[in-house]
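One structure is given here, and the rest of the page talks about it.
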Amino acid sequence: MGVLEMLIEGVGNASLSNGIVRVEVLARNAKGQDVSHTDLLIPLNRVDSVAEGLRMLADKLREKISEGQADSNLHSVQ
């Protein structure tokens, strides 16, 4: 599978259909407005673990920043 990168600057609406949660991803346009960019597709049975994983990564990043390691390579945060 190829590598897909996207800039996520916000989260919009979400919906559930056929066991898949679709989360609208927002990005800021040249006018400074948040606009719909794409959707994240997450199986319903994995939503909690995905959210918890993001929360844990955010906590670790905040810890590195407070330790003065703000420029650390993100690959080391697991």
Check: Could you give the distance from CG (Leu61) to CE (Met56), rounded to the nearest 0.5 Å?
Finding: 12.0 Å
Checklist line | side chain to side chain donor-acceptor pair (under 3.5 Å) partners of Glu24, counting only residues at least two apart | finding: Ser36
Note to self: Strictly by salt bridge (charged side-chain N to carboxylate O under 4.0 Å, His left out), give each pair with a member in residues 30-45 just once, sequence neighbours left out.
What the structure shows: Arg28-Asp34
Next item on the list: List for me each residue that meets side chain to side chain donor-acceptor pair (under 3.5 Å) alongside Ser49, sequence neighbours excluded, and say none if there are none.
Entry: none
Next item on the list: List, by chain and number, the other hydrophobic cluster members for Leu26, where Ile, Leu, Val, Met, Phe, Trp and Tyr join if side-chain heavy atoms come within less than 4.5 Å, directly or indirectly.
Entry: none
Check: Mind checking what makes side chain to side chain contact (heavy atoms under 4.5 Å, CB included) contact with Thr38, not counting sequence neighbours?
Finding: Met6, Val25
Item checked: Under the side chain to side chain donor-acceptor pair (under 3.5 Å) test, residues paired with Asp48 that sit two or more places apart -> none
Margin query: To the nearest 0.5 Å, what is the distance between CD1 on Ile8 and CD on Glu5?
Written below: 11.5 Å
Next item on the list: Not counting sequence neighbours, which residues clear salt bridge (charged side-chain N to carboxylate O under 4.0 Å, His left out) with Arg62? List them please.
Entry: Asp59
Note to self: Just to verify, what does Ala51 make a side chain to side chain contact (heavy atoms under 4.5 Å, CB included) with, not counting sequence neighbours?
What the structure shows: none
Could you list the donor-acceptor pairs under 3.5 angstrom formed between side-chain atoms of residues 12-23 and any protein atom two or more places apart in sequence or on another chain?
none

